[in-house]
Amino acid sequence: MLIIKKLRLQRGWSQSELAEFSGLSTRTIQRIERGAKPGLESLKCLAAVFNMEISDFQLEENNMDKNTVSLEEERAFKQVQNEKGFYGHLFTYLGVIALLFAGNLIFEPRYIWAKWPAMGWGIGILTHGVRVFSPIRLFGPEWEKKQVEKKLGRKL
């Protein structure tokens with residue numbers, strides 16, 4: 001239920017803060033925000049925290065409530081999540097490669113073997129960055145939409 005994520009972010013709460021306020025586990029909040037259907041007890045806890053009725057969450061599922069998450073917001077949430085994953089990957093890469101180079105220089109300074117994992121993993125980082133930030137979208141959603149419209153014989 002993306003409405004939970006939207007309400008949480010509007011209040012500036014982290015997932016762990018919402019878990020603490022609601023009495024649910026952080027893992028439960030994560031599952032609900034990813035789309036898992038919450039149980040009645042979880043809905044009661046969340047409704048109390050957000051000062052809402054349980055039925056308000058059910059209205060959201062039917063797209064009848066003002067608090068629904070638009071497609072644009074859903075895409076923005078997904079993009080932010082992807083960027084967060086990329087930055088986590090990048091910082092892990094920098095830390096591990098720094099340790100490899102330090103170990104390489106301490107134990108075998110005559111041959112710099114740490115360059116090989118740095119280059120290999122660096123290609124992975126570069127690919128991940130291009131996929132997340134997509135400066136060039138050759139076959140993205142817009143292309144797909146145009147192709148479907150073209151196949152259906154509709155004018156754009």
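Positions are given from 1 along the sequence.
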All heavy atoms of Cys45 vs all of Ser22, minimum pair found to be CB-O, 3.4 Å
Taking atom CG of Leu94 and atom CD1 of Ile125, what is their separation to the nearest 0.5 Å? 7.5 Å
Nearest heavy-atom contact between Glu53 and Ala47 is C-CB, 4.1 Å
Quick one: which residue pairs count as a side-chain hydrogen bond (donor to acceptor under 3.5 Å, both in side chains) with a foot in residues 91-111, not counting sequence neighbours? Tyr111-Trp116
Distance (rounded to the nearest 0.5 Å) between Thr26 OG1 and Arg31 CZ: 10.5 Å
How close do Glu33 and Lys5 get, heavy atom to heavy atom, and via which atoms? OE2-CA, 3.5 Å
Rounding to 0.5 Å, atoms CZ (Phe50) and NZ (Lys6) come to a distance of 12.0 Å
To check you understand the geometry: which heavy-atom pair defines the closest contact between Ile32 and Ser42, and what is its length? CD1-CB, 4.3 Å
With ring pair (Phe, Tyr, Trp, His ring centres under 6.0 Å) as the rule and sequence neighbours excluded, what pairs involving residues 21-40 come up? Trp13-Phe21
Judged by atom type as modelled, is there a donor-acceptor pair below 3.5 Å linking the side chain of Gln79 to the main-chain atoms of Val132? yes
Let me confirm one number: the CD1-CG distance from Ile54 to Leu40, rounded to the nearest 0.5 Å. 5.0 Å
Regarding Arg11 and Glu17, does a basic nitrogen lie under 4.0 Å from an acidic carboxylate oxygen? no
Evaluate the side chain to side chain contact (heavy atoms under 4.5 Å, CB included) criterion for residues Ile97 and Leu100: first the C-alpha distance (whole Å), next the side-chain angles of each, then the deciding distance (0.1 Å), finally the verdict. CA-CA 5 Å; Ile97 295 302; Leu100 286 176; 4.0 Å; yes
Does the distance from a Lys or Arg side-chain N to an Asp or Glu carboxylate O, for Glu41 and Lys44, drop under 4.0 Å? yes
Report the distance from atom CG of Leu43 to atom CE of Met52, rounding to the nearest 0.5 Å. 10.0 Å
Smallest separation among heavy atoms of Phe101 and Ala118, with atom names: CE1-CB, 3.9 Å
Rounded to the nearest 0.5 angstrom, the CD1-CG distance for Ile29 and Leu46 is 5.0 Å
Between Val96 and Tyr87, is there shared hydrophobic-cluster membership here, with clusters defined by ILVMFWY side-chain heavy atoms closer than 4.5 Å? yes
